[in-house]
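Notes follow once the structure below has been shown.
Letters A, B, ... are given to chains in the order of the sequence lines, protein chains preceding strands, and every chain is numbered from 1.
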Protein chains: 2
Amino acid sequence: MHVSEPEAKALHAKLSQWGPLSAANWEKLLALAEPRSLAKQEFWSEPSKPVEHFAIVRSGLVRHFYVDARGRESVKAFRGPGEFSAPYAELIQRKPSRTFIQALAPTELLTFEVTGFDALAENSLELQRLARRFVEQHFVAKEQREYEFLQLSAEQRYQQFCAERPEHLSHIPQHQVASYIGITPVALSRIRARVAKSSRRT
Amino acid sequence: MHVSEPEAKALHAKLSQWGPLSAANWEKLLALAEPRSLAKQEFWSEPSKPVEHFAIVRSGLVRHFYVDARGRESVKAFRGPGEFSAPYAELIQRKPSRTFIQALAPTELLTFEVTGFDALAENSLELQRLARRFVEQHFVAKEQREYEFLQLSAEQRYQQFCAERPEHLSHIPQHQVASYIGITPVALSRIRARVAKSSRRT
DNA sequence: TGGCCGCGTTATCCCGGGTTAAGAAGTGGA
DNA sequence: TCCACTTCTTAACCCGGGATAACGCGGCCA
């Protein structure tokens, strides 16, 4: 056991949001957990490595991102305490990863081996249901993001981000926020200048 | 029973892609199915109506789209024979729909009541697992779309669409393809002109 | 048959954002 | 402490794509 009693309780409560999770199953899940520490800037997932673990962030902050052929990065997600971190699509497809995951600050993870989880879940109605609800919520989040790219301007996407993740704003370098909303750092800087000027006039 | 024996077999095979599906469960599912016909241009889902059904397209073609406050449409998806059609995110969240679904041609659907399916699945390991795999694939598809918006230009997105859905190209009005890839009809026309010119030179 | 409408194309003008470059401010390591 | 690096900003220039409008074409209906 690598997790303190109160933390285990908190995690159990968190997971129970998605559906019932018996004490017995929670015990078995917890037995799979391996803690892992990341230094600032350290990677815990890189392309072409097979995906063998997923993780919950205990503390700190990570970013998920792609890098294209010309070396340009596109940030897919930021994940903080209590949130899930993994190259999820590749894990689902059992394909080698094409995403990087990097710590933006000293970070503590709780990692779980995929095969271990699958073995547990294979014959458990409860865990299948939990896993289903879990993916469903991630699906909804992706669809929300699709909506933002289809219907919102870059400026609106930025304001949406500020409104939704205020806790991250001060810890994430601005050029990575720009990447997350699909524009360049220079463009975001201009947008911020525009917004600041118009709100000063108001 | 509203479905012919061979069609039922084909559907069973299709669903079995996602995982095992016993004959007994398939019978029960099939008993929930209600056929529905749509005329060209007809809607079968509209915003603010509660979502009570999902569907499989038997024949024809539908589009899923948003409409913003200024009346501008953004196409989320096209779905043809054998594919799933529903305001899925809203169905997951049990929220009133914010998407339109409209037939682009005379279309035959097989609809299923959500509550009926849920009741069936609630205590079935097999159906939970099937549903989980199903959402997982949809999640992967959304992430692929996120990737395209983050890393590809409009022209690349268009070529990607042509390569992936060639069977739809001739049946979908071009301005809706434009909307799907996130640009205006005028812009798509220009892109096509550009591509045609450069490929003529080659 | 004639008129109408939806669709695609093209032209013009404009704007948002990409690109490049330079400089200022902050940060961390030797 | 000082130097190097990262981050952010600003400016200049360019380009893709948005907005609008005009035109042509084909389908549809009276």
Which one, D:dT10, D:dT7, D:dA19, comes nearest to the side chain of A:Pro173? D:dT7

Can you tell me if the side-chain N/O atoms of B:Arg192 get under 4.0 Å from OP1 or OP2 in C:dG8? no

Rounded to whole Å, OH of A:Tyr158 lies from P of D:dC8 at a distance of 10 Å

Residues B:Lys95, A:Glu143: salt bridge by 4.0 Å N-O rule: no

When you get a sec, tell me which of C:dG17, D:dG17, C:dC7 is the closest nucleotide to the side chain of B:His175? C:dC7

Counting only side-chain N and O atoms of A:Arg72, is one of them less than 4.0 Å from OP1 or OP2 of C:dT19? yes

Rounded to whole Å, how long is the line connecting atom CG of A:Leu152 with atom P of C:dG17? 12 Å

Round to a whole Å and report the spacing from CD1 of A:Ile183 to P of C:dT19. 12 Å

Send over the distance from B:Ile172 CD1 to C:dC7 P, rounded to a whole Å. 13 Å

Ignoring hydrogens and angles, does a donor from either the side chain of B:Arg190 or the base of C:dG8 sit under 3.5 Å from an acceptor on the other? no

Is the phosphate of C:dT9 approached by B:Arg194 (side-chain N or O, under 4.0 Å from OP1 or OP2)? no

Rounded to the nearest Å, what distance is computed from the CD atom of residue B:Glu155 to the C1' atom of nucleotide D:dG17? 13 Å

B:Thr184 has a side chain; which of D:dA11, D:dT20, D:dG18 sits nearest to it? D:dG18

Pairing of B:Lys76 and A:Glu146 as salt bridge, 4.0 angstrom limit: no

Side chain of A:Ser189: nearest nucleotide among C:dG18, D:dT9, C:dT10? D:dT9

Looking at B:Lys9 and B:Glu7, is any side-chain nitrogen of the basic one under 4.0 Å from a carboxylate oxygen of the acidic one? no

Using only heavy-atom distances, determine whether the side chains of B:Gln151 and A:Asp68 contain a donor-acceptor pair under 3.5 Å. no

Going by the ring pair (Phe, Tyr, Trp, His ring centres under 6.0 Å) test, name the single residue among A:Trp44, A:Phe117, A:Tyr88 that passes it with A:Phe54. A:Phe117

To the nearest Å, how far apart are A:His171 NE2 and C:dG26 P? 19 Å

Can you check the A:Gln174 CD to D:dT7 C1' distance for me, whole Å? 9 Å

A:Lys40 atom NZ is separated from C:dG28 atom P, nearest whole Å, by 7 Å

